[in-house]
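Not measured: the values here are computed from a predicted model. Proteins get letters first, then strands, A, B, ... in listed order; numbering begins at 1 in each.
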There are 2 protein chains.
Amino acid sequence: MPASKTARERARAELTREIKDEARRQLAEVGPHGLSLRAVARELGMVSSALYRYFPSRDHLLTELIIDAYNEIGEAAERADDPSAEPRDRWLRIWHGTRDWAKRNPHEYSLIYGSPVPGYQAPQDTITPASRVAQALVRVMEAADLAPAMPGPPLSGELAEQARRVRAALGTSLAEADLVRLTTAWTHLFGAISFELFGQYAGTADPADAYFAYTARQLGDLVGLP
Amino acid sequence: MPASKTARERARAELTREIKDEARRQLAEVGPHGLSLRAVARELGMVSSALYRYFPSRDHLLTELIIDAYNEIGEAAERADDPSAEPRDRWLRIWHGTRDWAKRNPHEYSLIYGSPVPGYQAPQDTITPASRVAQALVRVMEAADLAPAMPGPPLSGELAEQARRVRAALGTSLAEADLVRLTTAWTHLFGAISFELFGQYAGTADPADAYFAYTARQLGDLVGLP
DNA sequence: GTCTATAACTGGATAGAC
DNA sequence: GTCTATCCAGTTATAGAC
């Protein structure tokens, strides 16, 4: 197989991208539940059956969009990071980079962190890209001289076991207690972004810039960043 | 006007409830976006136009379901609370009571804390019931002898201003810093429940019982409970 | 007065004939 | 591939039953 793609391969790749772009555009209008292969085809001047050469079903198209979204938000977090900076600074950069991507792409964000689409079952392929933001946070914690487990409660057996499984999956050497603290930070990062984007801060922390900056620091303290 | 309701009033109240019950059932199957007035009417043996005597539009029906859900989860939090118990215990009861309701009513939970329904604009009427869980947490903080604002970062001007507005809205006397800490706890409570229900803990903190119990304590520490 | 049913309008998705 | 008939959605106007 030659390294350079044939004309047909290039055409196929291009059309695949066009289909995904159009599907993304529609996501914004009708939501994941309303995403219709036919509508995508119509907009592209194709016939719906032609799309099935590129995506075997609507759910496969959705899965691709989900994986793309996880990768994009993960890349945004990685790009915001600066491995040569101080841990505390890196932490804040990742938090803000993640939030900025979410605010620029609210519908893609809803797709991955909003309510599950009724009738859609996410395949295993989404798990790895879904962990990229968390991995960026882990790298910062690894590089930092973490404060010893704060005055927090001790870990139950089940929790310690889960932490060990996460450690194996992420290939890190962080202590169990640190991985549980990471889970809290990770949960909070997306909890705050979701509350902001989904309108829960209306009347309280809206606009959320100041609160987000505050809580990013707060969670940095919680995980023990110096 | 007599205190006891007329037969017509009773019939109307009952039918209103039946419509909402059926709509709730359908919510579980097709999601908020797929909720159809016609389908509800069909299932009830009525004709769609008849529903307009009870709800002026599909969106009004959705709004009622949203308000009911906020009130139910708020009541669940209030019922779980025990004002005579120790603050720390009350805090945990409220966290678990809220989560238990969410696990028992995942579709109603998604309706209020999931992605916004495309094309639906929530009216102001939802804000007060939406704050009931937060108010339960506030009551515990008021009754407790809170630790002075932890080693956290200082409040920016915008944040302090928002905290004062929240204080006025909730009619509490908590300090600004405490209200910001409450915001973090409130965000985290629903962030963790959403992550659990929406499947984000798959492969990590799943099942989430141990982690939830842990993080509830953790956030109790963060707000300064004794 | 209060409700329900009929019928009709618009708009979109879909299925099948061609 | 295209065209067309059909269906289902939200909504409204109107007529008649209680």
Item to complete: Show your working on side chain to side chain contact (heavy atoms under 4.5 Å, CB included) between B/L37 and B/F55 and close with a plain yes or no.
Response: CA-CA 10 Å; B/L37 269 192; B/F55 299 95; 5.6 Å; no
Discussion item. Test side chain to side chain donor-acceptor pair (under 3.5 Å) on B/S194 and A/Y113; report intermediate values, then the result.
Written reply: CA-CA 9 Å; B/S194 294; A/Y113 290 106; over 6 Å; no
Worksheet item: Base, sugar-phosphate, or nothing for B/Y54, non-hydrogen atoms under 4.0 angstrom?
Response: sugar-phosphate
Worksheet item: Quick one: what's the B/S/- string for nucleotides 5-18 of chain D, heavy-atom cutoff under 4.0 Å, read 5' to 3'?
Response: ----BBBBB-----
Figure out the [atom1]/[atom2] separation between [X] and [N], and round it to whole Å.
X     : N     : atom1 : atom2 : answer
B/R10 : C/dT2 : CZ    : C1'   : 16 Å
B/M46 : C/dC3 : CE    : P     : 10 Å
B/E9  : C/dC3 : CD    : C1'   : 14 Å

Item to complete: Please name all residues satisfying side chain to side chain donor-acceptor pair (under 3.5 Å) with B/D68, sequence neighbours left out, ordered by chain then number.
Response: B/K20
Worksheet item: Does B/R12 count as lying over the ring of B/Y54, i.e. NZ or CZ under 6.0 Å from the six-ring centre, within 45 degrees of the axis?
Response: yes
Worksheet item: Does B/R132 make a cation-pi contact with B/Y70 (under 6.0 Å, within 45 degrees of the axis)?
Response: no
Worksheet item: So which of residues 15-30 of chain B are in contact with DNA chain D, with a heavy-atom cut-off of under 4.0 Å?
Response: none
Discussion item. Let's go through A/T215 and A/H188 carefully: what are the C-alpha distance in whole Å and the side-chain angles of both, what is the deciding distance for side chain to side chain donor-acceptor pair (under 3.5 Å) to 0.1 Å, and is it a yes or a no?
Written reply: CA-CA 9 Å; A/T215 206; A/H188 198 77; 2.9 Å; yes
Worksheet item: Is the A/F195 to B/W186 ring centre distance short of 6.0 Å?
Response: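 Yes, the ring of A/F195 comes within the 6.0 Å limit of the ring of B/W186, centre to centre.
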Worksheet item: Under the side chain to side chain donor-acceptor pair (under 3.5 Å) criterion, do A/Q218 and B/T184 qualify, and how do the steps go?
Response: CA-CA 9 Å; A/Q218 205 177 18; B/T184 294; 2.7 Å; yes
